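Worksheet for the structure shown next.
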Amino acid sequence: MRIAVRHETHYTYATPPKSIIQLLRLTPRSHEGQHVISWRIDCDADCRLKAGEDAFGNITHTFTVAQRVSSLSLVVEGHVETFDTAGVVRYAVERFSPLLYLRETALTEADAGIEDLGRTCLARGPLDGLHELMGRIHARMQFDTDPTHAATSAKDAWSLGRGVCQDYAQIFIAAARAGGTPARYISGHFFRDDGVVDQEAGHAWAEAYIPDLGWVGFDPANCMCPCESHVRIAFGLDYLDAAPVRGAQNAGVGESLRVNVAVSQARAQRQN
Amino acid sequence: MTHFDEMKGSEGVVRSCYRLVEDWLAHTPPTLLEARRAQAELMFRRIGITFAVYGEQEATERLIPFDIIPRILSQSEWVKLEAGLKQRVKTLNMFIADIYGAQEAIRAGVIPEDIVLRNACYRPEMAGHRVPHDVWVQIAGIDIVRVDDQDFYVLEDNARTPSGVSYMLENREVMMRLMPELFARHRVAPVENYTDELLTCLKSVAPASARGEPNVVLLTPGQYNSAYYEHSFLADRLGVELVEGNDLFVREDVVYMRTTRGPQRVDVIYRRIDDEFLDPLVFRPDSALGVAGLMGAYLAGNVTLANAVGTGIADDKAIYTYMPEIIRFFTGEEPILKNVPTWRCREEDAAKYVLDHLGELVVKEVNGSGGYGMLVGPHSTKEQIAAFAEKVKADPANYIAQPTLSLSTCPAFAGDSIGARHVDLRPFVLTGANGVRAVPGGLTRVAMKEGSLVVNSSQGGGTKDTWIIEDTPGAGQRQQQSQSFQSQGGS
Amino acid sequence: MLARSADNLFWVARYIERADFSARMIDAALRLAALPKAYGGDGTEWISPLAAAGNLELFKQIHDVPDQDNVFAFLAFDRDNPSSIRNCIENARRAARAVRTALTVEMWESINAAWLELRRIESSRDVTKPMPREEVDRFLDFVKTISRDFDGAAYRTMLRNDSYWFNRLGLYMERADNTARVLDVKYHVLLPEAEQVGGTLDFFQWTAILRAVSALTAYHWVYRESIKPWLIMDLLVLRREMPRSLVSCYENLARYLDFIGQDYGQQGVSQRLARSTYTRLLNSRRDEIFQRGLHEFVTEFLADNSRLGGVIAEQYLLS
């Protein structure tokens, strides 16, 4: 499937900051399940955009604005050809042994409940266990954008029983690790087959390491393994490692943020 | 339990390096010692050497108790200790370079891969990166204890941001002013060149892109940090700016500090804040102490951080237990300093031994800290031991065990009389482009309560000046020298 | 020098000068309040120090009656009043601690000792009762010695480099501001026609102002005349030899900014602004000021002074 993504981020400031610096993970890499056809980042202010890679091999851009601006728009646009690999991720960039992804982080710390969940599910063996885990999380959690935010930990979201795809993914990761299975966080985009194009945010899911298969994706928010609807952008131990934007600004006051994501099926004549 | 006293030895015979101190103590009335102690306290208070105590409504500033009786090591003891320290710190640097590089120690089976990769102190960001001259730990503080007159044991390697060196330096200054008569009888190896050595060391590891004389700064979390005094003291002695995160900014992967003359490039940052707080874009996003973009500049090779990011992997409790093997692997030498023997419960035989001897051992969680999740066998009830045994059985890999060490003691003026108190020692070891240096001595920490083994300043521990002296003090002493010391003391 | 260090050096001096000024204003009010109503005590004597400190509104939120006890407690010890004397001392010490290495030992010790003494006073003070007059006097004297100690230490021990200059800028900036505020609060009794209106009743108000800024004797030396309101204005605004006058403060501000500009090899907005205000004060004449209106003059000056503060911050302290 050929997917078109348009991801806009708009900032406005009551008092403009003297400078802004951001670390962006907005650019996908190709792997067996996706081929990046075109991709670009645009900004409406005088800025510098320096490409690089992070520890995991994700493509990053360091974005700096060195003068006062009262508003700022970042637009990311591109086309990706996706293929269904039944969730298995092959030929992606891999810098570390799966063992690294057993490490607990503040956002993916397991409490007794999550630990129990992970151990019980994974007692059934990795593949079945992980599907079971995904099913249980999907069943217990209620999708709700209100109560959680970017800094909500897996255990807090789990005890609330509510959250967004980020929370689902991090609970999955925490439980999988507690069950002894390496797991990691994926940020990306999701094409909806119900015709809804405009979304408020990007998507997030998880990948777990299964000895004979390698890394396999699990999308607990949709209770499915990622297929050709998923565009994989960045990964890491938790949300913070894969976050689309991490930023800081100097002396600005009253920042407000608006994000628009449009994910659609690209038509041939719209290609660029 | 019997222990080794550094003055009286194990048999009660005064050891030669303490001969003159013992004599001096015997001839000095307690009232005079008391007066000196009061003077010392006054001097410390005037200088403002304090540390912050938290948890009270107003952050208060307190003095760390200072004991006026020096702790003494002979030159030949120091020679051995110094060789051991250099070997250890050299190894730490080689080990860290390897862990973030070729990982030969892992491939050779010296340490298990999961202990490294699963450790929160292992920083993926540093994988594949090299640092100037392969020096990762410019400043190390190695905690040393003795149990007899032969061996030195390493209790802990501090490879992140070891503190306490300001006390080492100030203790010496105060002692030289207060105890001229004692200095007159000994030749004490000086420590005051530490800051000079440190500055040389820091400049030597400046990035290749630095232009002209490297600009070094000291990065502090600010005046509410418990070690702020030390930070300002060191900045002052080094003659470098004491900066906070907000004083720095990054533009195009270069770090600048905000000065009254405009931005000025920074080449070397002696940072006294932990990895997690360095850069909100890469580590904790809520950190207000760091500098956004710092890691980008660092990884681009435009600024040197001392110590490097990710050195925590070398001073971790789990890694510690492998240090003897690590030293052999990287240097081909036998370790000069001993490790406290440690049983790793992840190994089956060890787990069995530990479970059979819980009553005699100290058992710690590998990733625990601050005494949390710890069993002190000799001080625990049967029920506590039984309960702990269950925890070890459930997850053996999470535990290590060590024998309870009988730390050496030194004479201390505690309360209103002289008594033996347990001590440890933190020597400071510097590594730059030109090799490894240890300043003779270090910071002696002393448990001021009788019988106590807790030397931490947060729990009432004090400090002592540490003297490295010739093996037979007083031999060949010249009259002239003792006079010059006395006149200095009178000023 | 780090911009933050310069900022702290600047503010140490400001806070200490502010504490000193508050103590002097309280002193003046105590004097007026001790007079019988017929001698000029118009019942507003405790409003003036609040108005001069610019926090009358805040006071009203906390207290109902502007009497001696309330005002004193508010100006001296209230933690909720950002410019109370105790907050000034604490802020001065905090700023000093942040730039300890840029201060001389003597300067640090003077501030640290003041802070320790303040803590002693606070812990021994009975907050349920008004402070006895004797203790009030002792406290005010203590506050005035802090500024003398600190200034003396700075003057005698600091290297004459940018550290010193930024410190002095803070001092003169604050002092100019304070002098202008006294004039602003009391301008109605300084108008020339006040003599006819008020007669001797205002005499005590005038002398209280002069005393507050330690200028009563200076007045006699300079003018060798009985107390005249327009001369008081002249002394506090236009006399270069009077260390608290606006013109003297600006002479210093312009001078220290020039030193910095020369040392850094670069002049900026703050140098230009300080010089132009200084020149304007130097060329002003008493009659003109009264003709244009003293109140307008002072209001304009306060705005200029605050603009200079902002410009100095922008040019050097925040960079």
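Computed from a predicted model, the values in this text were never measured in an experiment.
- Within a 6.0 Å radius of CG in C:D258, other residues, nucleotides and ligands contribute more than 12 heavy atoms.
- Once rounded to the nearest 0.5 Å, the distance linking OG1 of B:T259 with CG of C:L2 reads 7.5 Å.
- Between the side chain of B:E241 and the main chain of C:M1, no donor-acceptor pair closer than 3.5 Å is present.
- For B:E192, the CD atom counts as loosely surrounded, since its 6.0 Å shell holds 12 or fewer non-hydrogen atoms of other residues, nucleotides or ligands.
- Scanning all heavy atoms of the two residues, the minimum distance from C:Y316 to B:T260 falls at CD2-O, 3.2 Å.
- Here OH of B:Y228 is found 8.0 Å from CZ of C:R100. Values are rounded to the nearest 0.5 Å.
- Interatomic distance, CE of B:M257 versus OG of C:S5, reported as 9.0 Å (0.5 Å rounding).
- For chain C, no part of B:Q264 is nearby; none of its heavy atoms comes within less than 4.5 Å.
- For C:D263, the parts sitting under 4.5 Å from any heavy atom of chain B are the backbone and the side chain alike.
- Counting non-hydrogen atoms of other residues, nucleotides and ligands closer than 6.0 Å to CD of C:Q266 gives a total of 12 or fewer.
- If you take CZ on C:R4 and CD on B:E244, they are separated by 3.5 Å, rounding to the nearest 0.5 Å.
- For B:R261 (side chain) and C:Y264 (main-chain N/O), no donor-acceptor pair under 3.5 Å exists by modelled atom type.
- B:V217 does not touch chain C: none of its heavy atoms, backbone or side chain, sits under 4.5 Å away.
- When the shell of 6.0 Å around CZ of B:R211 is examined, it contains 12 or fewer heavy atoms from other residues, nucleotides or ligands.
- Here the CG-CG distance, from B:D247 to C:D7, works out to 10.0 Å after rounding to the nearest 0.5 Å.
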